[in-house]
Amino acid sequence: MAGCGTEQWDQVSLSSASGGPTSPPPSSSGIPMLAPTPSTINSAVPSGGPTPARPAEPSLGPIPHVSSTERIALPLDPYMTSMEEIRLIDTAHSIAAASCMRALGFKDWSEKTIVHAGPDTYKDKDLFEYLDPKQAVSSGYPRSEPDLESLSLNSGEQKRKLPSQEEMAAYDGTTNRTTAGKDIPQGGCAKESDRKVYKTTTDLPVDSRSLAVDSRVFTMTDSRMKQVLASWRSCMVKNGLGEYESPLVIPHDSRWKSRGANTPAGDEEKHVAGVDANCQQEVNLVGFYKALRFAYEERLVTENKNKLIAAKPIFRGWVKNAQSIISGN
């Protein structure tokens, strides 16, 4: 949706030290408003536009000491679009686009010809979540189980045939007519599927997930969060791990970032993860992060309350359209 984009880690002082561990690749989960392709619904900083204006730092309420993975409720929750509904809209878009392509004579085009979603696309994530020290020492950093359906699309058994240049021109709308003489809808089958899913509008008065992204930006650039991160780094230096600039980069260290969920962590990863988890607990990093996000979201809800209320029926309409497409009605 509008405002979502890849994480700009350098904008929030998260780049790794020169010659040190590599920073994480951009996240890819979400759905832009003007197209159904998932982008970065859970990213730290929105791209495709300027970073939101820096607000005054809000006062904080109680700061929880987080000691479990139990989710902490946030002010935007009542207005948040669900990942399952976004998956449904994506699916409907792919079905509608495939129907359009086959109508143009591209009989081999299916809803899986172009797949934008990855194994973690439809999983809600946050920048910081509780890392259990005991579990970190015994098994390293958490690895999510792969989405078997998404992985199967890349298997040898179901290897996809790459679209031809003519097919992509019809899909993207870069030409007006197929070589067989059929007229291509304006904007191609991609835009035609937009019209099927979104009907009269592809705009929301405000996007709750974009506001959630803003809250992460504001939190990570808040002076109090920077102080907590500095305290975490001091703890890491004290424990001989001063090469790490941020807890966000460590799970993506090149020595273990490609480790799969079914592959046990090595001793080095377990040691680093254990120190990291204990330092996060020592400075209450997750507690401060969640308290700051709560404060910024509370302000964003107050500022956008009427728009958030107005956005809900529009999004529900998109979901209803998607359900009709999937059911064949």
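Worth knowing before you read on, the calculation uses all heavy atoms, side chains too, and leaves out hydrogens, waters and symmetry mates. Computed from a predicted structure; not experimentally measured.
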Taking the side chain as every heavy atom from C-beta outward, state whether M220 and L229 have any pair of such atoms under 4.5 Å apart. yes
Would you indicate whether D267, at its atom CG, is surrounded by more than 12 heavy atoms from other residues, nucleotides or ligands within a distance under 6.0 Å? no
The reported gap from NE2 in H252 to OG in S246 (rounded to nearest 0.5 angstrom) is 9.5 Å
Rounded to the nearest 0.5 Å, the NZ atom of K196 sits from the NZ atom of K191 at a distance of 16.0 Å
Has the side chain of E166 got a donor or acceptor atom that lies under 3.5 Å from a matching backbone atom of T179? yes
When you measure from the side chain of S210 to the backbone of V206, do you find a donor-acceptor pair of N or O atoms at a distance under 3.5 Å? no
Nearest 0.5 angstrom please: L60 CG to F288 CZ, how far? 7.5 Å
R293/D126 salt bridge by N-O under 4.0 Å criterion: yes
Roughly how far apart are S208 OG and L300 CG, rounded to 0.5 Å? 11.5 Å
For the backbone of I184 and the side chain of R177, can you confirm whether one donor and one acceptor N or O come within less than 3.5 Å of each other? no
Side chain K182, main chain A103, donor-acceptor under 3.5 Å: yes
Report yes if some heavy atom in the side chain of Y296 is under 4.5 Å from a heavy atom in the side chain of D222; otherwise report no. yes
Taking K320 first and then E85, would you say they form a salt bridge - that is, a charged N and a carboxylate O separated by under 4.0 Å? no
Between F128 and M225, is any pair of side-chain heavy atoms under 4.5 Å apart? yes
